[in-house]
Amino acid sequence: MAGIAPEVRALMRPSAAALDPYDPAFSPVDVILSANENNYGIPPEVAPALAAAVTEAAWNRYPVPLGGELRSQIAAWHNVAPERVIIGNGGDELLFNFFLAFGGAGHALVSCPPTFSVYGLYASMVETPVIEVAREKDFAPNVDALVEAARTAMLVVVTSPNNPTGDLFPRDGVRRLCEACPGIVLVDEAYMEFADPGSSVEGLLPTYDNLAVLHTFSKAFALAGARVGYVLASAPVVAALAAVRQPYSVSVLDQAAALAAVTHRDAFLPAIEAIRMDRTRLSATLAGLASLGVRVWPSQANFICVRVPHARDAWRRLRDERSILVRDFSSTPGLEDCLRITVGKPEENDLVVGALTSILKGE
Ligand code: PMP
């Protein structure tokens, strides 16, 4: 893509002029383990329902802005009133809308890096100051420092499981943040379906009106291409998010696809369980490479964070010589020499371990 010419940059709003187009660092390869997608795809028993939903969708009509039937079904699934649910064009749109609604000059965000880079990006787009409370040894969040910072913040975002480190944020920490923060505490649970049952903080929603929980259909429900996410929050917070959203951001087709996934959600459980089991197997195999300098962190998500010697070089050789794409985080502060490997199908996981082993052995 052509860069932004200096004369065009000079015309841009100052907070936007510092940006460049997002690069997902994607290259065409045989084995894609870079974006935490669900490599099993749509379960065969759901595919006909999805196809029918798309065929029967009212293509000539604008979508129902807040998602009508999809919203009701998500609400019933999570046992909350529909007024406590808002859908978006992927979790990404909802994250952006949080900053549009609650961020801006003088409305600080507290975040807990290393974490999902999009929070900082969206904050800067709407001139939101960011207070970063860095994780400590082995990526443990410093909850006391977060709580102190939250006292003056309008928005706190914590990610559970965290991307790319894979750990859950402690439930008691979420409670303390909700009690300390005069603004909104957003818990990004994009990967929660891969975590041990009972790990979600959704159960705290009735207690804290300033708690919001983000989910997506992109990961466990294999719909990254459809772009649908949702937030559970108090009705007034949902109304604030509704006020800033683009009315038709989730298309008729995407709503139909997500509705098919919700109504057939049990069909996704076998792949989720397979990914969880393969995560254990892949972690153990990678941990067995300690003599080659490999370090693995425990994960509750569908990816594993791993430190390897000369990670950038290993990442490039995996891509160029083995046609395997993982995500390189080696230039992110706190993640030096770290790669993030999505847990794929067993044969894909075997391929990445085999390739990494021979690269690290210098073969
Ligand atoms: N939150 C986290 C932590 C993520 O990693 C992602 C996707 N990479 C998202 C939210 C947004 O996902 P989507 O827009 O596909 O719903």
Should [X] and [Y] count as side-chain neighbours, where that means a heavy-atom distance under 4.5 Å?
X	Y	result
D188	L95	yes
L282	V353	yes
L259	Q73	yes
L286	I341	yes
K219	N36	yes

Say you draw a straight line from [atom1] of [X] to [atom2] of [Y]; how long is it, rounded to the nearest 0.5 Å?
X	Y	atom1	atom2	value
R279	T342	CZ	OG1	12.5 Å
R9	E7	CZ	CD	11.0 Å
L335	C305	CG	SG	5.5 Å

Using modelled atom types and a 3.5 Å cut-off, is there a donor and acceptor pairing between side-chain atoms of [X] and backbone atoms of [Y]?
X	Y	value
N162	D167	no
R71	R84	no
N38	A220	yes
W59	V54	yes
E336	G334	yes

Counterpart residues, side chain to side chain contact (heavy atoms under 4.5 Å, CB included), relative to P346 (two or more places apart): Y40, D278, R281

Criterion side-chain hydrogen bond (donor to acceptor under 3.5 Å, both in side chains) on S124 and S15, from CA distance to verdict: CA-CA 6 Å; S124 70; S15 59; over 6 Å; no

Between [Y] and [X], does any NZ, NE, NH1 or NH2 come within less than 4.0 Å of an OD or OE carboxylate oxygen?
X	Y	result
D337	R295	no
R340	D328	no
K345	E348	no
R276	D196	yes
R316	E321	no

For I184, which of L155, V157, L211 qualifies under side chain to side chain contact (heavy atoms under 4.5 Å, CB included)? L155

From the list L232, V187, V80, side chain to side chain contact (heavy atoms under 4.5 Å, CB included) with E202 holds only for L232

Polar side chain donor-acceptor pair, R322 to S358, under 3.5 angstrom: yes

Establish, from distance only, whether the side-chain atoms of E189 and S160 form a donor-acceptor pair under 3.5 Å. no

Just do the side-chain contact (heavy atoms from CB on, under 4.5 Å) check on I74 and H215 with the steps written out, would you? CA-CA 11 Å; I74 292 172; H215 286 284; over 6 Å; no

Evaluation steps, side-chain hydrogen bond (donor to acceptor under 3.5 Å, both in side chains), between S249 and R245: CA-CA 8 Å; S249 66; R245 79 192 287 275; 3.2 Å; yes

Decide if the gap between the ring center of H78 and the ring center of Y230 is smaller than 6.0 angstrom. yes

Report the relative orientation of the aromatic rings in [X] and [Y]; use parallel for angles under 30°, tilted for 30 to 60°, perpendicular for over 60°.
X	Y	answer
F303	Y191	perpendicular
F139	W297	tilted
F116	Y119	perpendicular

Over 12 foreign heavy atoms within 6.0 Å of [atom1], [X]:
X	atom1	value
N79	CG	no
Q246	CD	no
M277	CE	no

My understanding is that only residues two or more places apart in sequence, or in another chain, count here; which of them pass ring-ring contact (aromatic ring centres under 6.0 Å, His included) with F329? none

